[in-house]
Amino acid sequence: MFFDNTRKPTGLGGQVMVALMNLGHRSLSDWGLRFLSLPANACSLDCGCGGGASLKQLLNKCPAGKVKGVDYAEISVNKSRRLNRKALQAGRCEVLQASVAALPFADGQFDLVMAFETVYFWPALAQSFGEIRRVLKPGGTFLICNECGGENKKDEKWTRVVDGMTIYTAAQLQSLLKQAGFDSIQIHRHSRGWLCVTARK
């Protein structure tokens, strides 16, 4: 089914989906990034980087920084690399095929880890949050931003058409983040039902 490409893009449908994601998620990422205050040289990681548009936004937001992205779908990795080719060539960006449950990075590397429209599909969410915390620097920020905030029953239709999708409420995410050792958790809600959660290591 076409909408399963939101979880793991494959084939022609997957190529179309990652292109649509880059366009469709721009307003959400613009809104979510407003809750961040990052130095120009910040080192950031985008987990589930999709088509790479958020990587490009971070590269612009932190012009002296470095940005890495991971995604477990080969199509997404290839699209992200193409979109950010110049930054890759300049050594400011790296995109890897990997799972958030086992990130290929050493401890304490990143000032920021972000996840736009992806935690719906993460395996063993508490364990994955623990991996995020591991790779963050002390005081680093984890940002989660979802269009489906768990409070609009209309959103539940997506769990019926997208296999393996789970929509989390702010309270559920907050509880899991605390279990993983995060603190300074802040909840932001948009009038359109969007949800943004930030937490500190």
Side-chain angles (χ1 to χ4, degrees), residues 6-9 18 21 25 28-29 32-33 35-36 38 42-55 57-59 62 65-77 80-81 84 92-148 150 162-188 195-201:
T6 58
R7 177 173 54 87
K8 189 171 185 179
V18 294
M21 286 176 180
H25 293 166
L28 178 74
S29 58
L33 289 173
F35 302 110
L36 294 176
L38 293 170
C43 185
S44 304
L45 170 65
D46 185 8
C47 286
C49 58
S54 294
L55 295 175
Q57 283 183 283
L58 274 179
L59 287 163
C62 304
K66 293 187 177 182
V67 177
K68 298 180 188 288
V70 296
D71 202 290
Y72 73 165
E74 184 179 2
I75 284 177
S76 297
V77 170
S80 289
R81 287 173 177 168
N84 297 284
R92 291 191 58 216
C93 184
E94 182 181 17
V95 185
L96 303 173
Q97 187 172 3
S99 169
V100 68
L103 292 169
F105 306 112
D107 297 357
Q109 281 199 27
F110 299 101
D111 299 288
L112 166 72
V113 178
M114 64 181 194
F116 285 100
E117 286 286 271
T118 63
V119 297
Y120 313 121
F121 311 110
W122 287 9
L125 206 57
Q127 176 188 336
S128 295
F129 284 177
E131 266 292 90
I132 299 296
R133 190 177 185 280
R134 178 184 68 79
V135 302
L136 276 170
K137 296 177 182 178
T141 298
F142 179 28
L143 178 145
I144 300 168
C145 209
N146 293 338
E147 283 189 3
C148 298
V162 181
D163 186 45
M165 180 178 184
T166 303
I167 296 174
Y168 298 95
T169 65
Q172 288 171 323
L173 292 173
Q174 185 174 35
S175 176
L176 288 162
L177 287 165
K178 286 181 177 179
Q179 287 179 41
F182 285 96
D183 56 28
S184 301
I185 299 169
Q186 296 187 353
I187 309 295
H188 308 277
L195 173 66
C196 181
V197 182
T198 60
R200 300 285 295 276
K201 177 175 177 177

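This one's a predicted model, so the numbers in the text were calculated from it and none came from an experiment.
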Atom NZ of Lys201 with >12 non-hydrogen neighbours under 6.0 angstrom
yes

CD/Gln186 to SG/Cys196 distance, rounded to the nearest 0.5 angstrom?
9.5 Å

Side chain to side chain contact (heavy atoms under 4.5 Å, CB included) between Val197 and Gln174, intermediate numbers included:
CA-CA 8 Å; Val197 182; Gln174 185 174 35; 5.9 Å; no

So how far is it from Gln57 CD to Ser44 OG, rounded to the nearest 0.5 Å?
12.0 Å

Leu125 and Val119 have their tightest heavy-atom pair at CD1-O, 3.8 Å

Shortest non-hydrogen separation from Phe116 to Ser29 and the atoms involved:
CE2-CA, 3.4 Å

Go through Val95 and Asp46 one step at a time and tell me if the side chain to side chain contact (heavy atoms under 4.5 Å, CB included) criterion holds.
CA-CA 9 Å; Val95 185; Asp46 185 8; over 6 Å; no

Could you grab the distance from atom CD1 of Ile132 to atom CZ of Phe182, nearest 0.5 Å is fine?
7.0 Å

State, yes or no, whether a side-chain contact exists between Ile185 and Lys178 at a heavy-atom distance under 4.5 Å.
yes

Test side chain to side chain contact (heavy atoms under 4.5 Å, CB included) applied to Asn146 and Tyr168, step by step
CA-CA 9 Å; Asn146 293 338; Tyr168 298 95; 5.6 Å; no

Say whether, by atom type as modelled, one donor and one acceptor occur between the side chain of Glu147 and the main chain of Glu117 under 3.5 angstrom.
no

Gap between atom SG of Cys43 and atom CG of Leu58 - 0.5 Å precision:
10.5 Å

In short, Ala126 meets Leu176 closest at the heavy-atom pair CB-CD2, 4.0 Å

Contact check, side chains of Phe110 and Lys137, non-hydrogen atoms, under 4.5 Å:
no

So how far is it from Leu143 CG to Phe35 CZ, rounded to the nearest 0.5 Å?
9.0 Å

Answer whether the closest heavy-atom distance between the side chains of Val113 and Cys47 falls below 4.5 Å.
yes

With side chain to side chain contact (heavy atoms under 4.5 Å, CB included) as the criterion, how do Val67 and Asn84 come out once you've worked through the C-alpha distance, each side chain's angles and the decisive distance to 0.1 Å?
CA-CA 10 Å; Val67 177; Asn84 297 284; over 6 Å; no

Hey, is the main chain of Gly139 close enough, under 3.5 Å, to the side chain of Arg200 for a donor-acceptor pair?
yes

Any carboxylate oxygen within less than 4.0 angstrom of a Lys/Arg side-chain nitrogen, looking at Asp107 and Arg134?
yes

Quick one: closest heavy-atom pair of Leu55 and Gly69, and the distance?
CD2-CA, 3.9 Å

Using a 4.5 Å cut-off on heavy atoms from C-beta on, say whether the side chain of Leu96 contacts that of Lys68.
no

Sequence neighbours excluded, which residues qualify as side chain to side chain contact (heavy atoms under 4.5 Å, CB included) partners of Ser128?
Val100, Ala101, Trp122, Pro123

Spacing of OG belonging to Ser80 relative to CD belonging to Gln97, to within rounding of 0.5 Å
11.5 Å

Side chain to side chain contact (heavy atoms under 4.5 Å, CB included) partner of Met114, chosen from Thr141, Thr198, Ile144, Leu33
Leu33

